[in-house]
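Taking it in order: structure first as structure tokens, then the write-up.
Just so you know, ligand 1 is whichever comes first in the structure, and atom 1 is the first atom listed for that ligand.
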Amino acid sequence: MMRPTHRHGRLRSIIPFIAAVALGPLAVIAAEEPALESGRDIYRAACASCHGSDGRGAPASLTTLDTAPPDFTDCDFANREPDGDWVGIAYEGGPSRGFSEFMPAFQGTLTVDQAQMAVDHIRTFCTDKRWPRGELNLPRALVTNKAYPEDEAVITTLIDVDDPGAVLNKFVWEQRFGPRSQWEVVVPFGWLETQDTIEDDGSTRWTSSMGDIAFAVKHAFHHNYEKGRIVSIAGEIIVPTGDEELGFGNGTTIFEPFIAYGQILPADFFFQAQVGGELTADKDKAPNAGFARCAFGWTTTSGQFGRAWSPMLEFTAGRPFTTNADIQYSAIPQMQVTLNKRQHIMFNLGARIPLNERDERKTQVIFYLLWDWFDGTLLEGW
Ligand code: HEC
């Protein structure tokens, strides 16, 4: 786990821990004489022996065993996980999500509702309300930006299957700072099929280059878990690092401000939207432009807490601010799926289908591989 702040304290007594693991959660509860009416009671009876009555991890009970319980008072850690993940861990045990077996399964001891009540109590340990809840971290669409500030690495690939061919990749590194902000770096690179001007016999060859690198900052200025919404403002600077001659860049600096909005809808549906503009330094190289994007989606899991599948339908509209330019519309049906047990590595596959100007614009295949790097390394949690 990449959570250095939780590895605190040294072992004082492993006896309660050994008892807990050996006898199972039932023994933990029985030993505490339960009055399991409130989340607090359930937490005290079933969880506090390891997690501590204050949520910081019981007297450092597990450190010699390699895995310490996390610090639930640490808002940076505690707010990003949605309830569903935590109830799943409590119900099915640590290994169900690729975590330590020292986190026992309470299935058969607690009902799902009771596990939820214990998690509700865990939520009271972080008292700083500035941190947006993990539920608002909606599945990432292929094109529409998320409003949620993230610790993610994403590599998106767009393939032009028609003549001339193109394979364009975009590597994005996103990192949170403070409760609601995030910076990111975008590095595009790819391969383009071009006419071979040396041979000049109509044959083509592939060239490769890096594109225009971009730097962005995003800030969630509004979020409300009860209302299920989050709104962010962001600004991106795209610098002309790409080889314009080869077709890998705009040849001018572009400033891209945008607003992103995420909304949880009933029955596991969600909606995301992004509206922004592109202001260019040199209008001869690239015109100013505006865009609007949105994504409707729905998430379902295999079994109660298993792999998450999120089909989405995205619509995009973009228009360069030049005379006679039309708005270009596209639809992008897609499916995101979590790949590993911890569900912090995801894949999304879709197709960008032009809805107008279909003679000049072709359908493209788009996919990404996403790594939520705060939740573990690439090799963890399988
Ligand atoms: C026997 C000790 C023990 C008991 C009892 C216990 N836990 Fe844990 N729990 C752990 C350990 C150890 C971890 C850290 C696992 C890891 O990081 O691999 C953990 C991690 C967790 C996590 C964090 C998962 C994440 O996202 O990092 C949650 C949530 C959790 N426990 C909930 C509960 C709840 C709710 C209860 C009571 C119903 C409970 N635990 C009882 C030992 C325990």
Distance filter under 4.0 Å to [X] heavy atoms, resulting ligand 1 atoms:
| X | value |
| --- | --- |
| A68 | 14 (C) |
| T67 | 12 (C), 14 (C), 15 (C), 16 (C), 17 (O), 18 (O) |
| P70 | 13 (C), 14 (C), 19 (C), 20 (C), 23 (C) |
| A90 | 35 (C) |
| F72 | 22 (C), 28 (C), 29 (C), 30 (C) |

Student check: side-chain heavy atoms of W373 and I345 closer than 4.5 Å: no
Side chain, backbone, both or neither: the part of F106 lying under 4.0 Å from ligand 1 by heavy atom: side chain
Region of Y91 engaging ligand 1 - heavy atom pairs below 4.0 Å: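 Neither; no heavy atom under 4.0 Å.
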Whether C50 has an N, O or S atom under 2.8 Å from atom 8 (Fe) of ligand 1: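 No, outside the cut-off.
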Nearest option to atom 37 (C) of ligand 1, as decided by whichever heavy atom of C47, A45, A78, A46 sits closest: C47
If we only count N/O pairs under 3.5 Å, is [X] in contact with ligand 1?
| X | result |
| --- | --- |
| E81 | no |
| S100 | yes |
| S49 | no |

If you measure from each heavy atom of [X] to ligand 1, is any distance below 4.0 Å?
| X | answer |
| --- | --- |
| L110 | yes |
| Y43 | no |
| A115 | no |
| G94 | no |
| I122 | yes |

Whether F72 and F77 hold their rings parallel, tilted or perpendicular, with breakpoints at 30° and 60°: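 Ring orientation of F72 relative to F77: parallel.
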Taking atom types as modelled, is there a side-chain donor on [X] or [Y] under 3.5 Å from an acceptor on the other?
| X | Y | answer |
| --- | --- | --- |
| R176 | Q182 | no |
| Q175 | W173 | yes |
| T111 | D113 | no |

What are the two closest non-hydrogen atoms of [X] and [Y], and how far apart are they?
| X | Y | value |
| --- | --- | --- |
| T252 | A281 | OG1-CB, 3.5 Å |
| D375 | H344 | CB-CB, 3.6 Å |
| S208 | L246 | O-CD1, 4.5 Å |

Any cation-pi pair here, [X] with [Y], using under 6.0 Å and within 45°?
| X | Y | result |
| --- | --- | --- |
| R229 | Y261 | no |
| R123 | W86 | yes |
| R180 | F221 | no |

Angle subtended at atom 8 (Fe) of ligand 1 by H51 NE2 and M103 SD, rounded to 10 degrees: 180°
